[in-house]
Each structure stands twice: as C-alpha cells, then as structure tokens.
S.K.: 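Quick one: structure below, then a few questions.
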Amino acid sequence: MRKILLLAAVMLFSAAAAQAQGRADYEGELSIGGLVYRDNSFVMIETVHGRRLSPALFLGGGVRATYHGQSITSEEVRRKLNSAGLSGFGDVRLYLTPERRFCPYLNLQGGVQGMMEWPGNGESGTHYYVRPMVGGGIGCVHRRIVFGVYVAVNFESSEGGIKVGLRF
C-alpha cells in the first residue's frame, strides 16, 4: 500500500511539474553526486522541480535514487553491506543573493525513503524498509550549473555527499 501511495504522489508531482514548465517561474534541476571514502561509496541521481515563489524562495519536490556500498572490517568481522534507495521529498530553498549570477542557497528537504539492503560476499538476508526522511544542505547556482553539499537521514541510516547538476 505504501508503495502505491508513493508512486501516486510521484505521478501527481510529475503532472504538476509538467504543467508548471510553461510558466516563467518554473525551475527544474537534474543532479548527480556521491562520495567515496575509505571502504565506503555512495552514488546518487536526483531531480527537483518547482516554482520560485519570490526571487529568494523556491518551493518544489523531487525524487532521488541512491546506492551505497560499505565494507565493515574489524578483528572479528569482515563483511560488505550494499543498499539502494528511492526517495520522494518536498524541497524548500532560500537563495541568499538571488539577483547575482553566483547565487548561494540553503536547502531543506522532507519526505519518504524506501531502502533495500543486502550483504555482499555471498551472504543471505535482504532487508527492506520505508522511513520518513529529513535532509538539507548548502549549494550554489552559477548560471545553469548547480553544485552543493547535502545530508539526509531516514532514522535508520544516513547519506550525504557532493552533487553537481544542471538547472533548467
């Protein structure tokens, strides 16, 4: 039931975004990003669509797909844990210098994230869950290029990294 409601929300949001594309205040963004450190890797792709309510305030929503690969190594344990997720969220941005070409912003996201976790190295035990998700970050827009840093927490795990994208 949750999957059906999430799919319906994404379809409703997509229809609203498509209708808003004809307006001058519509903004969309497609970003990729990730982070690699030690034995951990994180990759994501994200799209956000919405409207500028004023020169400094953006309100929209988006979808993000993620993949995590993590190796846990200690004297007693050596294992690999993989996870993939899909998030649907609302997005609020506050642009600090909206009239300039180089425009920093603060960002807040809230929504739902579904995750699937599975161990590597031939172990069994796939785990699925859906959790509320809260995130945020800082970024900058320069003409049509977007870059930033973000963090998201779903009350069971967290993700974060650097993202680069195009605004349209």
S.K.: Counting only N and O atoms by type, is there a donor-acceptor contact under 3.5 Å from the side chain of T66 to the main-chain atoms of F42?
M.R.: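 Such a contact is absent between T66 side chain and F42 backbone.
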S.K.: Measure from the side-chain N and O atoms of R52 to the backbone N and O of P55, and report whether any donor-acceptor pair falls under 3.5 Å.
M.R.: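 Side chain of R52 to backbone of P55, a donor-acceptor pair under 3.5 Å: yes, one is there.
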S.K.: Is E117 close to H68 at the side-chain level, that is, under 4.5 Å between some pair of heavy atoms?
M.R.: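 No - every pair of side-chain heavy atoms lies 4.5 Å or more apart.
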S.K.: Counting only heavy atoms not in I162, do more than 12 sit closer than 6.0 Å to its CD1 atom?
M.R.: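 No.
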S.K.: Ignoring hydrogens and angles, tell me if any N or O in the side chain of S54 forms a donor-acceptor pair with the backbone of L57 under 3.5 Å.
M.R.: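 Here the side-chain-to-backbone pair exists.
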S.K.: Using the six-membered ring of F89, assess whether NZ or CZ of R64 lies under 6.0 Å from its centre and within 45 degrees of the ring axis.
M.R.: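 Here R64 passes the 6.0 Å and 45° test against F89.
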S.K.: Given R100 and H142, is the side chain to side chain contact (heavy atoms under 4.5 Å, CB included) satisfied, shown in steps?
M.R.: CA-CA 9 Å; R100 297 193 176 176; H142 179 64; over 6 Å; no
S.K.: Determine, stepwise, if the pair E27 / R51 fulfils salt bridge (charged side-chain N to carboxylate O under 4.0 Å, His left out).
M.R.: CA-CA 6 Å; E27 286 185 14; R51 298 180 59 186; over 6 Å; no
S.K.: Pick one: which of E159, Q113, R131 meets side-chain hydrogen bond (donor to acceptor under 3.5 Å, both in side chains) with N154?
M.R.: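 The residue from E159, Q113, R131 that satisfies side-chain hydrogen bond (donor to acceptor under 3.5 Å, both in side chains) with N154 turns out to be Q113.
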S.K.: What I'd like to find out is whether the side chain of V112 reaches to under 4.5 Å of the side chain of S87, using heavy atoms alone.
M.R.: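 Not touching, per the 4.5 Å side-chain cut-off.
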S.K.: Would V146 and V164 count as a side chain to side chain contact (heavy atoms under 4.5 Å, CB included) here? Give the steps.
M.R.: CA-CA 6 Å; V146 178; V164 177; over 6 Å; no
S.K.: Would you find more than 12 non-hydrogen atoms of other residues, nucleotides or ligands less than 6.0 Å from L53 atom CG?
M.R.: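 Correct, the count exceeds 12.
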S.K.: For E46 and Q109, run side chain to side chain contact (heavy atoms under 4.5 Å, CB included): C-alpha distance rounded to whole Å, both residues' side-chain angles, the deciding distance at 0.1 Å, then the answer.
M.R.: CA-CA 12 Å; E46 168 184 276; Q109 297 176 342; 3.8 Å; yes
S.K.: Taking ring pair (Phe, Tyr, Trp, His ring centres under 6.0 Å) as the definition, give me every residue that meets it alongside Y105, ordered by chain and number, with sequence neighbours left out.
M.R.: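 Only Y95 meet the ring pair (Phe, Tyr, Trp, His ring centres under 6.0 Å) criterion with Y105.
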S.K.: Could you go through the side chain to side chain contact (heavy atoms under 4.5 Å, CB included) check for Y67 and S83 one step at a time?
M.R.: CA-CA 6 Å; Y67 168 78; S83 63; over 6 Å; no
S.K.: Minimum heavy-atom separation for T97 and P104, please, with both atom names.
M.R.: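 Here T97 and P104 meet closest at OG1-CD, 3.3 Å.
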S.K.: Return the minimal non-hydrogen interatomic distance between P119 and G125, and the atom names on each side.
M.R.: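 It is CD-O, 3.6 Å.
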S.K.: If you measure from OG1 on T47 to CG on L166, what distance do you get to the nearest 0.5 Å?
M.R.: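 Going from OG1 on T47 over to CG on L166, the span is 11.0 Å.
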S.K.: Group every Ile, Leu, Val, Met, Phe, Trp and Tyr by side-chain heavy-atom contacts under 4.5 Å, then state whether L30 and I145 land in the same group.
M.R.: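 Each belongs to a different hydrophobic cluster.
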S.K.: Would I45 and F168 show up in the same hydrophobic cluster when neighbours are defined by side-chain heavy atoms closer than 4.5 Å?
M.R.: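 Shared cluster, yes.
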S.K.: I need the minimum non-hydrogen distance between N82 and G69, along with the two atoms involved.
M.R.: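 So the minimum-distance heavy-atom pair works out to OD1-CA, 3.8 Å.
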S.K.: Going from CG on D25 to CG on L59, what distance comes out if it is rounded to the nearest 0.5 angstrom?
M.R.: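 The CG atom of D25 sits 11.5 Å away from the CG atom of L59.
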S.K.: Would you say the side chain of V92 lies within less than 4.5 Å of the side chain of N107, judging by non-hydrogen atoms?
M.R.: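 Side-chain contact under 4.5 Å: no.
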S.K.: To the closest 0.5 Å, what do you measure between CZ (F147) and NZ (K163)?
M.R.: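 The CZ atom of F147 sits 12.0 Å away from the NZ atom of K163.
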S.K.: Do R93's NZ or CZ and the ring of F58 fall within the cation-pi criteria of under 6.0 Å and 45°?
M.R.: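 Yes.
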S.K.: Taking the side chain as every heavy atom from C-beta outward, state whether Y26 and H49 have any pair of such atoms under 4.5 Å apart.
M.R.: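 They are in contact (side-chain heavy atoms under 4.5 Å apart), so the answer is yes.
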